[in-house]
Structures are given as structure tokens and as C-alpha cells.
Amino acid sequence: MTHQAAIPANSSRRAAALGSPFVRGAVLIAIYLLVDSLGLRKYAGIMSGTLPYPGCSFFEAKCIATLYLSSYLLAHLLAPVYFISGVFEFLITKFVTQK
Amino acid sequence: LILATVVWIPCLHLIFLPDKILLESGAGTGATGRSIPHIVEALLAKQIEMWKLPDDEREDVLRMRESNAEWDFIGRTYLVLSLANIALAHPDRKPAYLPLIDRIIDDTLRLEREEGMRHFLMAYANNRPFVQTPERSQFLDGEIALMIAMRQLVEPLPRYEAVLHDRVDTMVARMMGSKTLCTESYPDECWTFCNSVAVAAIKVTDAAHGTDHREFIATWLRAARERLIDPKSGLFISRFGYSDGAHWEGPEGSSIWMIAHCLEILDEDLARDQYERAKRELAGSLMGFGYSREWPRGWEGGADVDVGVVIPLIGASAGGSGMALITAASFRDREYFASLLTSLNFAAFPVESNGRLSYAASNQVGDAVLLYALTLGPAWDLVKVRTAR
């Protein structure tokens with residue numbers, strides 16, 4: 001295979017991988033772990049009505065809290081759903097489609 | 001994707017289940033002879049650290065006071081109750097905890113003396129005068145008496161004897177002088193919560209000092225059954241008028257759970273009855289996540305600052321669910337207790353650093369309430385033994 005021919009093949013493989021439910025789930029979890037490792041969890045309480053965190057305005061704190069909560073919910077609710085659907089897809093491909 | 005969602009959502013709670021060791025240690029993790037679970041040690045470390053700071057550097061408390069000055073006071077009460085329970089179950093902790101209990105009590109008495117009782121009350125206490133004179137708040141009297149009585153239960157300190165007796169005598173005299181045998185927490189406003197705590201404090205005093213208020217307690221319980229029960233649910237109401245005894249607010253999650261816990265040392269059958277009714281009316285579980293509603297279904301109650309976040313549709317309240325932890329632990333209801341802890345792990349965002357644990361969606365008082373739910377048991381057990389005569 002020539003170099004020119006390999007490029008479209010690689011990019012379509014990459015696109016297929018990104019479309020994979022496992023990769024999508026992993027990306028969501030990675031984003032959450034990154035956000036959590038930055039110490040943003042402490043801002044989650046702002047949504048429960050406690051006062052703004054020192055060092056930033058209430059609006060800024062609310063934006064950070066929204067970012068944190070979104071990544072938290074996506075990682076716990078959606079990412080596992082992607083993983084499970086990936087397993088289903090795999091099983092369907094292996095046992096149903098091959099028949 | 002839909003099928004995967006159907007599979008995952010009912011399993012979500014499994015990753016937030018509480019530590020088995022925590023549940024196996026029973027209600028009172030303070031239960032004698034058992035080791036103290038990590039979560040309790042970490043919560044304690046955070047609370048104790050706060051009390052090592054000078055007053056003006058306790059940022060958590062200062063921020064909390066801006067929302068509600070009561071929380072500063074209630075946080076003290078639940079921390080003292082927790083420390084006393086652990087000290088009873090683990091006598092080796094007494095040298096560390098008794099001085100801290102004394103510091104909290106002394107600081108609270110100093111603030112009450114120097115700043116006045118309104119230091120710990122919400123601003124609406126200034127809107128009109130108290131009806132009963134001289135003005136006092138049962139909210140403060142009851143919880144201060146309970147803090148001191150618990151300290152005396154662990155190990156009597158002579159300098160607190162007269163202080164406690166004065167407080168108890170004052171409460172009894174004022175309650176006897178009112179129509180409902182209950183007195184005001186705010187001007188012309190009584191709370192069943194505050195009055196139950198006050199009577200529980202009197203009972204703990206009996207256990208600690210050998211005094212005898214059985215007759216008063218029996219009279220109070222009779223009056224409470226007659227005048228403070230909501231006819232529809234059979235639960236104690238939360239708020240009523242001092243002057244006319246009119247019911248203002250019905251059974252409320254953030255009140256009834258603590259009332260049932262206090263009743264446990266006053267009248268176990270009544271306490272059990274209230275717990276069962278409260279569970280029927282307020283407790284719920286959604287996909288393994290336990291919660292407490294703030295108001296029974298069909299009630300149109302308001303949301304005040306104590307209630308916290310209320311989840312729409314199911315009506316779950318943060319305040320009610322936090323207090324439900326106390327009663328679920330108190331009645332050894334392991335299933336409900338575990339489901340409430342599961343919700344806490346999911347929605348309260350524990351933050352632990354350097355062995356110190358707090359919850360981001362909570363505050364100091366919420367963390368102290370949780371600490372009490374995880375440590376209660378030994379004190380109430382001792383009170384029952386000492387007063388069973």
C-alpha cells in the first residue's frame with residue numbers, strides 16, 4: 001500500500017474508533033477525572049445554596065459548578081451507558097450479524 | 001442505547017453503596033469495642049481542625065452564619081453529641097474530646113452572655129417581642145442544656161452542675177407556665193423540635209445527675225399527644241403558635257426525624273410509632289437512592305432555609321434526608337440508613353484531603369449531623385439504662 005493510500009484508511013479507522021461507544025465513554029470519564037483532579041469538586045456545593053467560594057464571584061463559581069456537575073453526571077450516567085451499548089454492539093456483531 | 005440505559009440506571013446506586021464496615025458497625029459506630037470507621041475519623045478530623053482555629057478564621061462557620069446564624073449553633077450541638085457518644089464508647093478518647101466539648105460549651109455560653117441569644121437566632125427574632133417574659137429561646141435553652149447534659153453523662157464536671165440545673169429548672173418552669181407545655185423559640189412561635197430536644201435534655205440530665213423529672217416528662221408527653229399531633233398523618237406537627245397553640249406547619253422532614261430520635265429516650269413506643277409513620281409519609285427510595293420528603297404527600301409546605309435543595313417531582317429534601325439519617329441509625333433501620341448513605345455518596349460530593357472529610361453540597365452543620373448519625377447510640381443506651389427504675 002502506498003503512503004497516499006494509507007492516509008484515508010488511517011483517518012477512517014480513527015473516525016470509526018472515535019465513533020466507538022467505548023471511546024466515547026472513555027472520553028467522558030477522562031474529562032470528569034481531569035475536572036475532578038483540578039479540585040473543582042468543592043464548587044459543587046454552590047448549587048445547594050451555600051455562599052460563593054472565596055476568590056471568585058458567585059457567577060464564576062456557578063459556572064465552575066455547572067462544568068463540574070455536567071462532567072460528573074455525564075461520567076456516571078452516560079459513560080457506563082456507552083460501555084454497555086458497546087458490549088451489546090459487540091455481541092450483536094459477533095453472534096447475530098455473523099449468522 | 002435505550003436498552004443500555006435501562007440496564008445501567010437501576011445499577012447506578014451500586015457504585016455509591018456505603019462501606020460494609022460502616023453498616024456492620026451498626027447505628028452507633030461508637031458501639032463499645034468496635035473500631036471507629038475511616039469516614040468518622042475523617043469527618044471528626046475536619047470538625048476538630050475547625051475548632052483549633054481562632055473565631056475570626058473559621059471561614060466555614062462565618063460563611064454559614066451569613067445564610068443562617070442558627071446553623072453555627074446547631075453545628076456545635078451535633079458536634080458535642082458526636083464527641084460525647086464516641087467518648088462513651090471509647091474511653092481512651094476522653095482526654096482528647098472532653099476538653100474540646102468544654103471549649104465548645106464555654107464558647108457558646110460566652111457568646112450567649114456577651115452577644116445575647118439573638119446571636120444564634122435568625123433576624124426575624126427582632127420583628128416583635130417574645131410573649132413570655134423574661135424573653136428566652138427554647139431553641140438555645142434546649143440545645144445548650146443537651147450539650148452540657150451529654151458532657152455530664154460522659155464525666156461530670158463540678159463547674160457545670162449548677163449551670164445545668166439552672167437551665168433545666170428555668171425550662172421546666174417556663175414550659176409549665178404555658179398553655180401547651182411548650183415555650184417559644186422565636187416570638188410567639190414554638191417548634192416541636194426545640195421542645196422535644198429540651199425534654200430530652202432534661203431526661204439526659206436525670207441520667208447524668210440522678211435528678212427525677214419523670215412526672216414532668218409524663219405530663220409533657222400527655223400534652224404533646226393531645227395538642228401537637230396532626231390528625232391526618234398522626235405525626236407531630238413542626239411549628240405552632242405560643243399564645244393560641246394554633247398549628248402553623250404540619251409534620252416536616254427536617255423536624256420529625258429528630259423529634260422521633262428525642263422521643264426514643266422519653267417514650268419508646270411513641271418514638272417507634274412516630275418513626276413508622278414518618279417512614280410511611282416521608283421516606284422514599286428511587287433506584288436504590290434513599291431520601292426523605294420535606295412534607296407528606298398532599299401537604300403544601302413552604303421551603304425555608306433549613307430545608308435546603310428540594311428535588312422536584314419526588315419532593316426529596318436535603319435537610320429532611322440528612323435528619324432522616326439520624327433516626328434511621330437510631331432505630332437500627334439498616335436498609336433505609338444504607339439507602340440514605342448511598343444518596344449522600346452520590347449527591348453530596350465528599351471532599352477528602354489530608355485525612356479530613358467534608359461534603360461539598362453540605363456545610364459544617366450538615367457534616368456534624370452526619371457525624372452524629374454515624375456515632376449515636378452509646379449515650380441514648382446509657383440514658384435508658386440509668387433511668388430505667
Side-chain angles (χ1 to χ4, degrees), chain A residues 19-26 28-29 32-33 35-58 61-62 64-93 95-96, chain B residues 1-16 46 57 59-68 71 287 289 303-311 316-319 321-322 342 344-354 356-367:
Chain A
S20 149
F22 291 112
V23 174
R24 274 185 253 159
L28 290 178
I29 288 179
Y32 163 67
L33 291 175
V35 169
D36 199 44
S37 68
L38 292 173
L40 303 186
R41 177 178 281 235
K42 62 188 177 193
Y43 289 87
I46 284 151
M47 293 304 196
S48 68
T50 48
L51 287 173
Y53 235 81
C56 63
S57 72
F58 189 48
K62 251 190 157 173
I64 298 169
T66 305
L67 170 72
Y68 180 82
L69 290 173
S70 306
S71 71
Y72 178 84
L73 290 175
L74 289 172
H76 288 90
L77 297 176
L78 196 55
V81 169
Y82 277 138
F83 288 137
I84 294 168
S85 74
V87 172
F88 286 161
E89 272 181 34
F90 172 77
L91 293 174
I92 290 166
T93 313
F95 296 108
V96 181
Chain B
L1 219 64
I2 292 168
L3 185 62
T5 307
V6 171
V7 170
W8 174 243
I9 297 301
C11 299
L12 174 64
H13 72 282
L14 296 175
I15 57 172
F16 295 102
K46 174 75 179 175
E57 286 179 28
E59 274 184 27
D60 290 352
V61 174
L62 293 174
R63 275 190 288 133
M64 209 167 63
R65 284 190 62 87
E66 287 180 42
S67 292
N68 183 352
W71 286 344
M287 306 284 181
F289 294 100
D304 59 38
V305 68
D306 293 328
V307 174
V309 177
V310 175
I311 312 287
S317 91
S321 301
T342 306
L344 187 85
N345 290 339
F346 172 59
F349 306 104
V351 180
E352 187 171 352
S353 77
N354 301 323
R356 294 170 180 83
L357 174 67
S358 60
Y359 285 81
S362 175
N363 53 21
Q364 186 269 329
V365 67
D367 291 348

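By convention in this document, chain letters (A, B, ...) are assigned in the order of the sequence lines, proteins followed by strands, and residues within each chain are numbered from 1. Small disclaimer: the values here were computed from a predicted structure and weren't measured.
Looking at A:L77, both its backbone and its side chain come within 4.5 Å of chain B, counting heavy atoms on both sides. Residue A:Y72 touches chain B through its side chain alone, counting heavy-atom pairs closer than 4.5 Å.
Residues meeting the side chain to side chain contact (heavy atoms under 4.5 Å, CB included) test with B:L357, sequence neighbours left out: B:I39, B:A42, B:L43, B:P350, B:E352, B:Y359.
Note that the CZ atom of B:F349 and the CG atom of A:L40 stand 12.5 Å from one another [nearest 0.5 Å].
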Distance-only donor-acceptor pairs under 3.5 Å for side chains of residues 2-13 of chain B, two or more places apart:
residue : atom : partner : partner atom : Å
B:T5    : OG1  : B:L1    : O            : 2.7
B:W8    : NE1  : A:H76   : O            : 2.8
B:H13   : ND1  : B:P10   : O            : 3.0
B:H13   : ND1  : B:M287  : O            : 3.2

